[in-house]
Amino acid sequence: MCSGVWIAFGASVRAAQFLVLAGKARALTSGRFHVSFEDIRAVAHSVMRHRVLTNFHAQSEGVTTDQITDRILELVPTPRSGM
């Protein structure tokens, strides 16, 4: 993907809330009581897909919301606890 501004409207605070909520649901259905960063990454596409709207530049270049989410997930490092 070439660099450029592809987002017309970004996700709101509610998207962050639903990332956490969906991560909790994924953890519980996996038999765990804690949410991992992998849980958040696994639900990111489903949560962000209809919350991030692409602009004309993205549409003309064939860039999808899933590709933008992939790029964000690549750029954001997984935090390390230091323990």
Side-chain angles (χ1 to χ4, degrees):
M1 287 190 303
C2 84
S3 62
V5 179
W6 295 312
I7 300 172
F9 295 98
S12 68
V13 174
R14 288 185 60 199
Q17 292 170 336
F18 280 97
L19 276 173
V20 172
L21 187 61
K24 286 180 180 182
R26 185 175 188 270
L28 284 173
T29 58
S30 299
R32 293 177 282 111
F33 294 109
H34 67 281
V35 179
S36 69
F37 292 106
E38 184 54 40
D39 292 323
I40 301 298
R41 290 179 182 277
V43 299
H45 288 93
S46 298
V47 171
M48 303 301 271
R49 192 170 287 130
H50 68 282
R51 288 185 167 86
V52 174
L53 302 178
T54 57
N55 62 17
F56 174 77
H57 296 289
Q59 294 168 11
S60 67
E61 293 177 26
V63 177
T64 65
T65 302
D66 283 345
Q67 290 172 317
I68 293 170
T69 303
D70 284 337
R71 185 70 177 132
I72 292 169
L73 292 174
E74 288 172 12
L75 292 173
V76 176
T78 301
R80 300 186 192 279
S81 68
M83 296 174 81

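All of these numbers come straight from a predicted model, not from anything done at the bench. The first residue of the sequence shown is numbered 1, and numbering continues consecutively from there.
Heavy atoms only, all atoms of each residue included: V63 and T54 are closest at O-CG2, 4.0 Å.
Between the T65 side chain and the V52 main chain, a donor and an acceptor come within less than 3.5 Å of each other. A side-chain donor-acceptor contact under 3.5 Å links N55 to the backbone of A58. Remark: the backbone N or O of R32 is not paired with any side-chain donor or acceptor of S30 at under 3.5 angstrom.
Only one option out of K24, R26, H34 pairs with D39 in a side-chain hydrogen bond (donor to acceptor under 3.5 Å, both in side chains); it is R26. The side-chain contact (heavy atoms from CB on, under 4.5 Å) with V35 is formed by just one residue from the set L28, I40, L21; it is I40.
Side-chain contact between I68 and M48 is absent, with no heavy atoms from C-beta onward closer than 4.5 Å.
Both I7 and V76 are members of a single hydrophobic cluster when ILVMFWY side chains are connected at heavy-atom separations under 4.5 Å. Under a hydrophobic clustering in which Ile, Leu, Val, Met, Phe, Trp and Tyr are joined whenever their side-chain heavy atoms come within less than 4.5 Å, directly or via other members, I72 and V47 fall into the same cluster.
At most 12 non-hydrogen atoms from other residues, nucleotides or ligands lie less than 6.0 angstrom from NE2 of H57.
Here R71 pairs with E74 in a salt bridge; the nearest charged N to carboxylate O distance falls below 4.0 Å.
Atoms CH2 and OG1, on W6 and T64 in that order, are 10.0 Å from each other to the nearest 0.5 Å. Separating the CZ atom in R51 from the CZ atom in R49 is a distance of 12.0 Å, to the nearest 0.5 Å.
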